[in-house]
Amino acid sequence: MSYINENFLNMQDSYLFSTIAKKVAKYTEENPDKKIIKLGIGDVTKPIVPACIAAMHKAVDEIGTQEGFKGYGPEQGYEFLRNAIVENDYKARGIDIKADEIFVSDGAKCDCGNIVDIFAEDNKVAITDPVYPVYLDTNVMSGRSGKYNKEKDMYENIVYLPVTAENNFKPELPKEKVDMIYLCFPNNPTGTVLTKEDLKVWVDYAKENNSIILYDAAYEAFITEEDIPHSIYEVEGAKDVAIEFKSFSKTAGFTGVRCAYVVIPHTVKGYTKAGEEIELNKLWNRRTCTKFNGVSYVVQRAAEATYSEEGKKQIRANIESYLENAKIIKNGLEDAGFTTYGGVNSPYIWLQVPKDMTSWEFFDKLLEEVNVVGTPGSGFGPHGEGYFRLTAFGTKENSIEAIERIKNWKVN
Ligand code: PLP
């Protein structure tokens, strides 16, 4: 008899994007003459910049020669990339991170999901809500969530930290003691951010309670405001309590190329039941060497090229253009009378749907009456109800046209 991991039976099926796709397909079939504008996707659309393409071509030619051939690389990533990350993402911001505290991977999704391997099953987990669903789902799979409560759409052992207009999208410290805290800023889906001061509260909490902060900064490159930290390590004390996840996906359009990294400073410690302090870096290194054989050389050269002078300029231009779309969408929605959040340090604009509507009802109306597709907030967690996400990853023309249609629309 082979028994299954029954935690998987405790997972709720996610119908969010498949339901959206089905609704759009049905509407398109019934209304073939209508031009639908999709502002629902969380994927980039601009091609990989020339500096990265050139680096990949060069690396491809190199591995086709006897001298340049590469077999298995270091599981943690090549030194050239780890050093480039240290120099550009940390040293340049006055943060002291060592190359052996960086682990290069094939995506922040895998990293955020796999990190649960090194933590005990009985840790209490806190997750901001609404948020990127991977943190919750991977804790359900690994047995930390407790039972699902259908009525509340919540798991009984998870501490949900609401981020809503009521608290200005700043999660409040939990009343009970928690061991693992997931924070994602700039946030997906709300597009909102925390200042250094806001984050300091969490770092202090983690220090006091011997908790670990799992900080997802996948959208860091979209930060435009001065006092918003690009890394949690800009906050004093964070190097003792935080693991940071970063990705080249949204920064450099690598959603298909695949490259990311995790930072685990040697000073971040977990505990055995006997009270012994253990470096999490060591555990993650052991896990990485056992379960992962590294990111391809060609891809790591492309990631390195994002830090070249040319690369930096080119990826900055792409981000600026997504941010310009975000401004068009946000300002347009405000002009049309909607209350919006995010969109300034993020490609995501989070809008409040009219009070008498659910986020799915708003989705249907927007699709049917102005042919614009977005994502209902309730798909990102119970506290997402009443909100709706639009993204700036479309073209400028489509962003403008979608907003023109919304401005000329009477939602009620
Ligand atoms: N973290 C957040 C908050 C995301 O929204 C996403 C993707 O949408 C990821 C991580 C995934 O990143 P990657 O493409 O590196 O796996």
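We count ligands from 1, going down the list as the structure has it; atoms in each ligand are counted the same way. Count residues from 1 along the sequence.
Protein heavy atom nearest atom 9 (C) of ligand 1, with residue, atom name and distance: Y132 OH, 3.3 Å. Shortest contact from atom 7 (C) of ligand 1 to any protein heavy atom: K250 NZ, 3.2 Å. Annotation: atom 1 (N) of ligand 1 to nearest protein heavy atom, D216 OD2, 2.7 Å. For atom 14 (O) of ligand 1, the closest non-hydrogen atom on the protein side is S249 OG, 2.6 Å.
For the pair K330 (side chain) and G342 (backbone), a donor-acceptor distance under 3.5 Å is present. Proximity of a side-chain donor or acceptor of N5 to a complementary backbone N or O of M141 within less than 3.5 Å is detected.
If you look at Y219 next to ligand 1, the close heavy atoms, those under 4.0 Å, all belong to the side chain. For A108, heavy-atom contacts with ligand 1 shorter than 4.0 Å involve the backbone as well as the side chain.
Between Y90 and D96, the closest side-chain pair of non-hydrogen atoms is not below 4.5 Å.
Using a 30° and 60° split on the angle between ring planes, W350 and Y387 fall in the parallel class, below 30°.
Other residues, nucleotides and ligands place more than 12 heavy atoms under 6.0 Å from the NE2 atom of H266.
For the pair S247 and ligand 1, the shortest N or O to N or O distance falls below 3.5 Å.
Aromatic rings from Y219 and Y348 are positioned such that their centres are separated by under 6.0 Å.
Not a single heavy atom of T255 sits less than 4.0 Å from an atom of ligand 1.
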